[in-house]
Amino acid sequence: MSHEQLPTDQPAVVTVGLPYANGDLHVGHLLGYVSGDVYARGLRRIGQQTAFVCGSDMHGTPIAVNAAKQGRDPKELALEYHEQYQETFPQFNVEFDNYGHTHDETNTEMTQEFVETWIDEDFVMEKEISVAWDAETDEPLPDRYVEGTCPYCGEKARGDECDEGCQRHLEPGEIEDPVSVTTGNPAEYRKQPHKFLRLSEFQEYLQEFIDRLEGTEKARNQPREWIEGELEDLCITRDMDWGIDYPGDDRDDIVLYVWVDAPIEYVSSTKQYSERVGTAEFDWEEVWKLDGEIHPGTEWNDAWRDDNGEIIHVIGTDIIQHHCVYWPAMLRGAGYNEPRAVIATGFVGIDGKSLSTSRNRAIWAKEYLDAGFHPDLFRYYITTGSGVESDIDFSWDRFAERVNGELVGNLGNFCYRALLFASRNYEGTPDVDASPEVRGRIEDAIERFEQAVAEYDVRTVGEVAVDLADFGNQYIQRNEPWNLINDDPDAAAVVIRDCVQLARACAILMQPVMPGKAADLWSQLGEDSDVSVVELEAALDAPESEFGEPSELFTQVEDETIEELNEELRERVEVTAEDSADEQDADTEDEPTMTDIDPVEDERISFEQFQGVDMRVGEIVEAKPIDGADELVELRVDIGVETRQVVAGLKQLHDVDELPGTRVILLANMEKAELFGVDSNGMVLAAGEEADLLTTHEDAPLGTRVR
Ligand SMILES: [Zn+2]
């Protein structure tokens, strides 16, 4: 049974993955918060009562480790970042209805209540496990206190997650070759009794849950392999002081694992919101709690759905397992409602490379604001550059290009022209009806907007207004009201009335993605109401009859500004690279010389396996850059029997215009992929970081198989 389409007549809660109070915010973080904010505003716009809540994640080992290194109290350190986040979010027009933190009283009580229910329902058990221990200092080393090797994929990993490899959550005792991050001592494993949530009890429930779950593709599919395999019970306690005390009366030496109290903050933050505005306005229990008669862990009943609100989580791809496996089991075990949808956002790259705070290849929130750009420009850029679940590249060049083209040149230009012409010739809206063509266009745009919200498509929510303005520009160009006003004044009045109507619709439709600019446009249209509470259908209502001359909504981003910002980023990355190179030199003085060449794979493949690899001689016949992707090129490669469309990362390394005519080797039976909305059917072989293209020495005919 599928869910009733949004909007429903129940309240909704939209949450975003909690920011971890241990560092400054950068554009990678902001993608999630902005997407969540755009989505929550979009939901309200289509008539769904919505609370948008979040809070800072204060516990866990990274904060404890960082505080220990600085000789500070973890609470003091985390609160400092918490306050910084509270200030930063509104500067990006990210407006939470409530923003709490996991260490506050509400969340401490709520978390302990959850765990007490699990204990009462026998979902908690004690097991002896191996815990990493620093023998020299005689201290336990939970989670991030150790680093080592992932037992699943062999990559370097943190104590609690394989962050550079397979992204798996790692249970205590799982990481191999653990080393203390504070002392550098190799850790040993000791047996310690710990508390576990019996996840295995929820396996059947989770398998059904994942079929009901809505949201983005990855969030719905990636958890299947975990849920269908054997579900390991989840260790919910740690040997440390910083955290929420385990509430059972048999143990006072352990605290709850950070991933227990972190998602519960979604509930606590909603509760705080209810307490502030009153339950008559927003009742947190209507969303989160099932009827009190329903026993925790009881088999799910689809009928409950109509009586409860909608829970929608916006998260990063790296925490899908926590939200689509652990979290629903935690809720179910406490007698709570389940998430309706999970929207997983992709990763943000910088200039075609991955964002790396350790290499300082990042654009910081503060840096964006210091450059003096309006927050709405960033909001538009980051949410519409690619689908919400795809990775998106941030580059200052591309930012300027899109702001200048789509916002200044299209949306801003259209609204300015329309309102200027209207105010100069009619002192506002001409006193005629809008044409059926334009009303139809606006109706379509509204429908597209509603559909996008119902389908969790944040990108389209952000694009609708700009697309409508694009139509407006063509419409004004086609009808030339500046000529018409002398030749046929009646017709000119209709054209201008249409344009004012379109500008009005743009203000309403752009509000979720650009709330500040929408308010500006709304007041230029002579309105004194708040555009954020106007209904979507009001886009078709008559505009105010009088308004004055408009001002430009957006200003051009200048080349010099972008050059400066690029230069700053380049210098920063270089300085950091030199620093770490120095460090490495110092570290490896007595070590044999390291080279950058990967060692040859140990594992041999058979001739049969090699024969399964179908490589062909091909020739690039067409090459063009891909919008929004700084490195990627769309190629058409002739391989004799057919011409393939292939996406390749060559743009920064090869002159795109010179690619046609180049002979290449194409891996023809590579699985198909979609990159930045472009289908890629095959892979062009190239060597190394510089993408040195493989070619042939003689003239083997196109399509010849490489053996
Ligand atoms: Zn791994």
Side-chain angles (χ1 to χ4, degrees), residues 17 20 22 28 32 57 60-62 65 129-133 141-182 184 186-189 194 196-197 199-200 203 206 210 216-236 238 257-260 262-263 315-327 329 342 344-349 353-359 389-391 596 598-605 671 673:
Y20 194 63
N22 195 32
D57 186 357
T61 50
V65 169
I129 51 160
S130 299
V131 175
W133 212 274
L141 298 168
D143 301 329
R144 300 281 179 93
Y145 277 96
V146 284
E147 280 175 2
T149 309
C150 172
Y152 299 100
C153 72
E155 284 295 316
K156 187 169 178 276
R158 296 164 166 171
D160 59 345
E161 65 162 325
C162 178
D163 59 320
E164 289 179 21
C166 63
Q167 308 282 330
R168 268 196 181 77
H169 162 85
L170 299 180
E171 281 284 273
E174 278 197 309
I175 193 163
E176 291 167 359
D177 312 318
V179 172
S180 163
V181 298
T182 48
E188 58 178 49
Y189 278 122
H194 272 280
F196 283 78
L197 180 66
L199 262 195
S200 39
Q203 183 136 19
L206 289 170
I210 205 72
T216 51
E217 206 61 32
K218 247 182 247 168
R220 285 162 40 229
N221 288 329
Q222 210 185 70
R224 290 184 189 275
E225 64 168 304
W226 295 312
I227 293 171
E228 274 148 27
E230 195 183 330
L231 267 182
E232 299 284 337
D233 294 327
L234 178 71
C235 182
I236 56 166
R238 293 294 185 269
Y257 176 43
V258 60
W259 271 108
V260 175
I315 58 162
T317 304
D318 52 336
I319 51 176
I320 288 176
Q321 190 175 16
H322 301 89
H323 285 80
C324 301
V325 183
Y326 306 150
W327 177 228
V342 173
T345 60
F347 291 103
V348 177
K353 298 197 172 114
S354 59
L355 186 155
S356 162
T357 50
S358 60
R359 296 205 168 98
E389 201 167 59
S390 312
D391 296 345
D596 289 336
D598 291 337
V600 172
E601 289 290 337
D602 284 337
E603 210 170 307
R604 300 281 168 156
I605 62 166
E671 64 181 354

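No hydrogens, no waters, no symmetry mates; every other heavy atom, side chains included, goes into these values. When a ligand or atom number is given, it counts from 1 through the structure's own listing order. Since this is a predicted model, take the numbers as computed values, not measurements.
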Completion exercise
In short, salt bridge (Lys or Arg N to Asp or Glu O under 4.0 Å) pairs touching residues 219-232 with sequence neighbours left out are D211-R224, E217-R220
Exercise for the section: Scan residues 163-175 for pairs that pass salt bridge (Lys or Arg N to Asp or Glu O under 4.0 Å), counting only residues two or more places apart or in two chains. Expected result: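 The answer is R158-D163.
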Give a yes or no on whether the backbone of [Y] and the side-chain of [X] come within a donor-acceptor separation of less than 3.5 Å.
| X | Y | value |
| --- | --- | --- |
| T317 | A344 | no |
| E147 | P178 | no |
| D391 | V348 | no |

Fill in the blank from the handout: Within less than 2.8 Å of the Zn ion (ligand 1), the count of protein N, O or S atoms comes to 4
Handout entry: Those residues that, when tested against P62, pass side-chain contact (heavy atoms from CB on, under 4.5 Å) (two or more places apart)
Key = Y20, N22, R144
